[in-house]
Amino acid sequence: MVKGRDAGDPGSKDGIKRRIEELREKVRYHDKKYYIDNDPEISDSEYDHLFRQLKELEERYPEFKTQNSPTQRVGSGEIDEFETVEHEVTMLSLDKASNVEELQDFYNTVQDTLNENEIMLIMEPKIDGVGVALTYDDGMLKRGATRGDGSQGEDITENVRTIHEIPLVLNEDSILRDIEVRGEVYMPLDGFKNMNETREEKGKEPFANPRNATAGTLRLKHPREVSNRPLSFFAYSLGSHSHGEFSTHWQMLEELGIAGLPINDHVREIESMDHALELVETWEDKRHALNYDIDGLVFKVNDISFQEKLGSTTHHPRWAIAYKFPPKRKTTKVKDIEVMVGRTGVLTPVARLEPIHLSGTEVSRASLHNEEEVARRDVRIGDVVLVEKAGEIIPQVIKVMKEERDGSEQEFVMPRHCPACGSEAKQVGDEVARRCLNASCPAQVTRRLEHWGSRDALDIDGLGPKLLQKLVEREIVISIPDLYTLELDDLVHLERMGEKSSNNLLQEIEKSKTAGLKRVLIGLGIRYVGNYLSDVLANHYVSIEALVNTSKGELEEIDDVGEEIAESITMFISNSNNLDMIHRLQELGINMRANELHRDLSQYLEGNTFVFTGKLDNFTREEAAREVEQHGARVTSSISGNTDCLVVGQDPGSKFDNAKEEDIMIMDEATFIKMLEEETFPPVSA
Ligand SMILES: [Zn+2]
């Protein structure tokens with residue numbers, strides 16, 4: 001039993017250093033499994049636990065902090081200016097082929113120059129991102145730079161460090177130590193879509209495509225903000241030396257993989273020009289299934305001695321070529337401009353188009369974002385416009401073909417009233433967007449319900465927009481809780497809703513009750529609180545009660561929650577309608593606890609009751625309580641016959657004296673931390 005405050009040996013410095021190293025190795029290993037191999041071995045909460053342990057130890061023992069720890073990816077400062085850096089070896093651009101004839105010409109020239117018939121090539125998808133060079137010094141990431149003009153780029157080290165796919169330390173199994181890695185930073189399409197949605201909700205201009213978003217993000221001056229953007233990375237070559245160690249490009253890629261760098265899955269060795277042409281054809285369609293944009297295929301001569309023989313011009317290597325896919329743009333006519341009402345009431349003008357086929361799908365609508373944008377581009381009803389599918393997601397009007405006008409085109413006037421409910425639509429604050437401020441607007445209600453049932457939220461299969469519209473129109477459902485009182489009779493009489501699909505839907509709704517706090521938070525659609533923040537909040541608060549009782553100040557103390565977000569959450573939880581809704585959902589049996597946390601973490605404190613007194617150095621009272629609660633303990637505010645353990649900080653109150661009398665285990669902060677690390681109770685070292 002631990003008595004008094006000086007108990008608990010913090011362990012030898014060597015032991016702590018070893019423990020920190022071990023944790024770093026573990027976090028790195030699981031980072032690679034998660035981010036690069038797409039094959040996680042542990043749950044998110046187990047990972048968070050490791051990460052937190054490491055962070056806590058590093059904070060307690062700052063002498064063991066290093067730049068290369070996985071906890072140090074994100075710097076907190078601001079970048080003054082991006083410094084210009086010289087590339088040791090020029091980053092040449094690739095020669096381009098815009099049709100198969102040019103690709104064939106390239107191959108013929110290579111054959112002639114080398115005087116060889118069969119030349120092995122490597123095909124790599126041409127990722128549509130931003131080219132960067134990463135310098136590793138004895139296996140440690142030292143610098144990240146943009147390509148720039150090829151000989152000079154910008155130092156963006158602080159920003160590339162935040163990208164989890166880029167290792168801060170190369171794997172020791174690899175022979176690569178001092179290298180310059182070249183590759184492409186890009187933004188996955190799902191992340192791009194989410195980010196743009198959030199931007200539009202905030203009344204900010206969405207990015208035109210993932211490449212622009214990537215370039216814009218890499219030039220942000222706040223690494224913390226960069227870390228919140230969904231950037232990723234693929235490596236495709238080595239810059240300076242080390243070539244001597246490989247006889248083929250393929251071997252080099254394999255070694256980059258061993259070093260822990262992400263190599264694209266679709267890279268192939270190909271043996272003939274016929275095979276190359278075949279790939280060009282299949283990838284024209286196949287690329288639409290990827291979660292990132294590619295704008296072509298790169299072909300490289302595999303044999304490094306051949307590459308050396310072929311050499312380079314001043315602009316590009318003669319041993320590689322980029323085949324570019326034809327652009328995903330087409331012209332079509334704007335039949336009408338409609339106004340859609342979003343979940344938060346934002347009115348968005350949408351062009352209804354003569355249908356065209358674009359990158360494998362039929363396109364009949366394009367977002368025009370907001371009235372300012374319509375005016376800026378001067379899009380009129382009847383115009384011929386150039387439409388692009390940016391990031392394979394939302395088609396965009398990129399140009400109005402004004403020369404095709406005949407005078408019959410009509411200018412678009414943004415309505416001053418909501419097209420769904422007729423309420424006045426206002427611009428709030430300095431937002432560009434106009435909003436319908438009627439919270440019970442049927443269009444908004446429908447969209448909110450649709451959002452509640454969406455895949456990332458409560459994932460209710462079969463709750464489509466058409467059905468919801470009917471349910472809302474008939475006032476069968478007017479708010480989220482109404483979904484949980486639906487009965488077979490409410491559904492079977494609706495068009496296209498037989499008994500089978502009605503029953504399936506009811507089952508889906510029932511199943512959604514167990515989805516847990518994170519998904520509920522996504523589903524509530526609080527402004528700015530998407531997938532990522534919902535996860536952060538669910539982990540932090542564990543239950544909805546804790547969240548609705550929080551304060552703006554406490555919210556702002558959470559790492560990823562800024563003032564604007566804290567404001568939005570506070571506004572949501574101080575609205576009595578929202579609280580009523582949450583209350584009703586609870587009564588209807590919707591689970592609002594972070595179920596995952598409790599399932600995955602060891603429950604070694606189950607059955608024990610903790611009391612805290614005095615000020616702790618490393619935790620707020622809430623944090624300390626959460627640490628033990630998530631492992632099954634109960635926390636009470638005063639000592640009773642049920643109390644098992646009193647954790648004592650500085651300046652303890654009368655509880656300390658009471659506990660001494662009651663023969664309750666007393667633990668100081670160091671022992672408390674030790675217990676959390678060892679996950680045993682009572683602590684072994686006690
Ligand atoms: Zn409305």
Side-chain angles (χ1 to χ4, degrees), residues 197-198 200-203 341-347 418 420-421 423-431 433-454 456-458 468 472 475 477-485 515-538 540-558 560-594:
E197 277 171 11
T198 313
E200 283 194 272
E201 259 185 29
K202 289 191 188 186
V341 185
R343 170 162 63 82
T344 55
V346 172
L347 268 47
C418 168
C421 71
S423 306
E424 198 183 343
K426 288 186 184 158
Q427 278 168 314
V428 183
D430 54 359
E431 281 185 357
R434 217 166 256 285
R435 285 172 192 268
C436 162
L437 299 177
N438 170 15
S440 48
C441 166
Q444 288 183 48
V445 171
T446 307
R447 299 298 300 275
R448 280 202 291 271
L449 291 163
E450 198 183 331
H451 179 75
W452 177 264
S454 66
D456 284 347
L458 281 285
L468 281 170
V472 173
E475 298 184 4
V477 173
I478 55 168
S479 68
I480 293 167
D482 296 339
L483 289 173
Y484 295 89
T485 55
L517 184 59
K518 175 187 168 185
R519 284 168 175 272
V520 167
L521 290 177
I522 298 174
L524 289 175
I526 304 167
R527 257 179 113 190
Y528 313 146
V529 181
N531 217 320
Y532 177 74
L533 269 180
S534 295
D535 200 32
V536 171
L537 293 171
H540 187 92
Y541 289 101
V542 184
S543 74
I544 195 95
E545 287 88 355
L547 178 61
V548 298
N549 289 317
T550 191
S551 64
K552 188 159 174 257
E554 195 186 330
L555 279 162
E556 281 179 21
E557 272 174 31
I558 305 172
D560 297 291
V561 179
E563 198 193 331
E564 207 178 9
I565 296 168
E567 177 85 49
S568 160
I569 297 168
T570 319
M571 222 161 82
F572 188 90
I573 57 179
S574 58
N575 176 315
S576 63
N577 288 332
N578 292 332
L579 291 178
D580 286 349
M581 176 174 72
I582 288 170
H583 193 62
R584 242 188 100 198
L585 285 169
Q586 276 183 308
E587 283 176 349
L588 289 162
I590 284 89
N591 170 28
M592 299 208 186
R593 287 187 70 80

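The analysis underlying the following values was restricted to heavy atoms, covering all of them including side chains, and did not include hydrogens, waters or symmetry mates.
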Query - E587/R584 salt bridge by N-O under 4.0 Å criterion - result: no

Query - R435 side-chain N/O to T344 backbone N/O, donor-acceptor pair under 3.5 Å - result: yes

Query raised in the report: Distance-only, no hydrogens or angles: does the S423 side chain make a donor-acceptor pair with backbone N or O of N438 under 3.5 Å?
Result: no

Requested in this report: Applying side-chain hydrogen bond (donor to acceptor under 3.5 Å, both in side chains), name anything that partners S551, two or more places apart in sequence or on another chain.
Outcome: none

Query raised in the report: Is the side chain of R434 donor-acceptor paired with the backbone N or O of L347 at a distance under 3.5 Å, no angle test?
Result: no

Report task. Spell out, as yes or no, whether a donor-acceptor pair under 3.5 Å connects the side chain of T485 to the backbone of D482. Result -> yes

Report task. Only counting residues at least two apart or in another chain, list the ones meeting side-chain hydrogen bond (donor to acceptor under 3.5 Å, both in side chains) with D456. Result -> N531

Requested in this report: Please lay out, stage by stage, how Y541 and L555 fare under the test side chain to side chain contact (heavy atoms under 4.5 Å, CB included).
Outcome: CA-CA 10 Å; Y541 289 101; L555 279 162; 3.6 Å; yes

Report summary line: Paired with I590, the side-chain contact (heavy atoms from CB on, under 4.5 Å) test is passed by just one of I582, V520, I480, namely V520

Requested in this report: For E554 and H540, run side chain to side chain contact (heavy atoms under 4.5 Å, CB included): C-alpha distance rounded to whole Å, both residues' side-chain angles, the deciding distance at 0.1 Å, then the answer.
Outcome: CA-CA 11 Å; E554 195 186 330; H540 187 92; 3.9 Å; yes

Report task. Specify the closest pair of heavy atoms between A566 and E556, including all atoms of both residues, with the distance to one decimal. Result -> CB-CG, 3.6 Å

**Report entry** Exercise: identify the closest heavy-atom pair between V561 and L533
**Finding:** CG2-CD2, 4.0 Å

Requested in this report: Output the distance between atom CE (M581) and atom OG (S479), rounded to the nearest 0.5 Å.
Outcome: 7.5 Å

Report task. Could you walk me through whether I544 and L517 pass side chain to side chain contact (heavy atoms under 4.5 Å, CB included), step by step? Result -> CA-CA 7 Å; I544 195 95; L517 184 59; 3.9 Å; yes

**Report entry** Derivation of the side chain to side chain contact (heavy atoms under 4.5 Å, CB included) call for L521 and L547
**Finding:** CA-CA 10 Å; L521 290 177; L547 178 61; 3.5 Å; yes

Query - Exercise: identify the closest heavy-atom pair between P481 and L585 - result: CA-CD2, 3.9 Å

Requested in this report: With sequence neighbours left out, write down each residue that passes side-chain hydrogen bond (donor to acceptor under 3.5 Å, both in side chains) with E563, or none if nothing qualifies.
Outcome: none

Query - From CG (N575) to CE (M571), nearest 0.5 Å - result: 8.5 Å

